[in-house]
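This report concerns only the one structure given below.
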Amino acid sequence: MIDLRSDTVTRPSAGMLAAMTSAPVGDDVYGEDPTITALEERVAGLLGHEAALFVVTGSLANILGVRALVPPGSEVLCEARAHIARAELGAHATVSGVTTRTWSTPDGRIDLGQIRELIAPDLGPYFVQTAAVSVENTHNFGGGWIQHSYDALADLLDEARLPLHLDGARLWNASVATGVPLSAYGSRAAAVSVCLSKGLGAPVGSVVAGSAELIREARVWRKRLGAGWRQAGVLAAAGLYAIDHNVERLAEDHANARRIAEILADAAPGSVKPDQVETNIVVADLAATGHTVAEVVAGAEQAGVLVGGVGATQLRVVTHLDASADDCRQAAETIARLLR
Ligand SMILES: *Cc1c(COP(=O)(O)O)cnc(C)c1O
């Protein structure tokens, strides 16, 4: 099977497993796990922040980051298909009392005009107060889109005196694709999440970064939510290994995704624009092909290729370090046959 449903399906490599088994560990609730501390310092530095906290999932990193910026009863603005709004199962509302309003664009991009209109920092005691804006870079359900207006949004929020939350689950991909250092993205946001378990290939883990004070508070909330952990340095070691070995190679995933998009665009013209595939996600719109997503997903599975759907007519293909250039080409040709 060639599994291109997500970049979360990777398995730890032999080198990563060796790093995990030899990691020095201690009780992290006492702050005594040297491998976790090393990972947190490393990621904080990469993202241009004072401090960071290693957590089990990207969702938890977002929950801790957003709640640090948005008091209960206030709102965070985000794009309509943002992970925090759609794929975290209402956590920000149920756990933190945070409400959401959204802007909407076809590929999840920043729309400064819409955001400017939504911002309501203080309209009197009748309206929810905007406390932060959250943006995803790259945008997952938008097709791995890089936020090219990221700095312009950060400028706008500086002026409005509102903090920016950056859901950087795939910020590594954005940085490799653009050559913009992670710190140039990270330092513009008050809280940043990054995932180690997506394209970087670690089995578990995300990191939230921010000021020392924000992270101190996040550490308390992590424990309060039952997510303190002990000798999790075995997992942090996988993250450190991933940062050392699997960042630059993301360029291969991006090239493979571009190639897949070209093959699909040949078979079903207009379904995808290859020059807009900037990172490791291909979203193809099957509306005009006469095929349903379910039909193509099932047909591909029978032919040994796993892909997924996002939305009624959209097929999503995600490249990663366990899928070679050959695997990706073969998978694309299989899907192309089904679309023709
Ligand atoms: C995967 C992802 C997350 C976090 O997901 P978890 O499954 O909770 O680790 C957050 N944001 C985006 C954009 C993602 O793609």
Side-chain angles (χ1 to χ4, degrees), residues 4-10 12 39 43 47 52-67 76 78-92 94-96 98 100 102 105 107-110 132-147 150 164-175 177 182 185-186 189 191-209 218 221-222 225-227 229 232 235-236 238-239 242 250 253 257 278-283 308-311 314 316-321:
L4 301 179
R5 287 171 301 166
S6 172
D7 46 11
T8 57
V9 301
T10 56
L39 174 69
V43 175
L47 293 172
L53 184 69
F54 180 44
V55 297
V56 67
T57 59
S59 297
L60 184 56
N62 285 339
I63 290 166
L64 295 174
V66 169
R67 75 150 305 292
V76 60
C78 62
E79 202 274 331
R81 280 169 307 160
H83 199 277
I84 67 162
R86 284 207 61 204
E88 292 172 13
L89 309 182
H92 302 274
T94 55
V95 173
S96 311
V98 169
T100 308
T102 58
T105 54
D107 45 15
R109 72 179 74 190
I110 289 166
V133 174
S134 180
V135 68
E136 222 169 278
N137 201 8
T138 67
H139 197 297
N140 179 357
F141 300 132
W145 166 262
I146 294 166
Q147 301 292 1
Y150 180 79
L164 175 61
H165 172 262
L166 172 56
D167 179 353
R170 294 186 181 81
L171 194 66
W172 319 94
N173 297 83
S175 172
L182 290 162
Y185 289 119
V192 195
S193 308
V194 289
C195 285
L196 304 164
S197 58
K198 300 262 165 88
L200 296 201
V204 174
S206 285
V207 179
V208 54
W221 271 93
R222 183 186 63 173
L225 295 172
W229 47 15
L235 302 175
L250 290 170
D253 298 344
E278 300 184 293
T279 61
N280 70 323
I281 302 177
V282 181
V283 173
V310 280
Q314 292 178 322
R316 190 181 78 153
V317 184
V318 186
T319 60
H320 53 74
L321 84 173

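Order of listing sets the numbers, starting from 1, for every ligand and every atom in it. In this chain, residues are counted from 1 in sequence order.
- In terms of N/O distances under 3.5 Å, ligand 1 is not approached by Ala169.
- Arg170 pairs in a side chain to side chain donor-acceptor pair (under 3.5 Å) with only one of the listed residues (Asp7, Asn137, Thr138), which is Asp7.
- An N or O contact shorter than 3.5 Å is missing between Ser197 and ligand 1 by distance.
- Among all protein heavy atoms, the one lying closest to atom 2 (C) of ligand 1 is Lys198 NZ, 2.2 Å.
- Listed by atom number, the atoms of ligand 1 under 4.0 Å from Glu136 heavy atoms are 13 (C).
- Among protein heavy atoms, the minimum distance from atom 9 (O) of ligand 1 is reached at Gly58 N, 2.8 Å.
- For atom 11 (N) of ligand 1, the nearest protein heavy atom (residue, atom name, distance) is Asp167 OD2, 2.7 Å.
- Atom 15 (O) of ligand 1 lies below 4.0 Å from at least one non-hydrogen atom of the protein.
- Within the 4.0 Å heavy-atom criterion, neither part of Thr8 lies near ligand 1.
- At a heavy-atom distance under 4.0 Å, atoms from both the backbone and the side chain of Ser59 approach ligand 1.
- Distances below 4.0 Å separate heavy atoms of Asn62 from the following atoms of ligand 1: 10 (C), 11 (N).
- Taking any N or O of Ser206, backbone or side chain, none lies under 3.5 Å from an N or O belonging to ligand 1.
- In terms of protein heavy-atom proximity, atom 10 (C) of ligand 1 is closest to His83 ND1, 3.3 Å.
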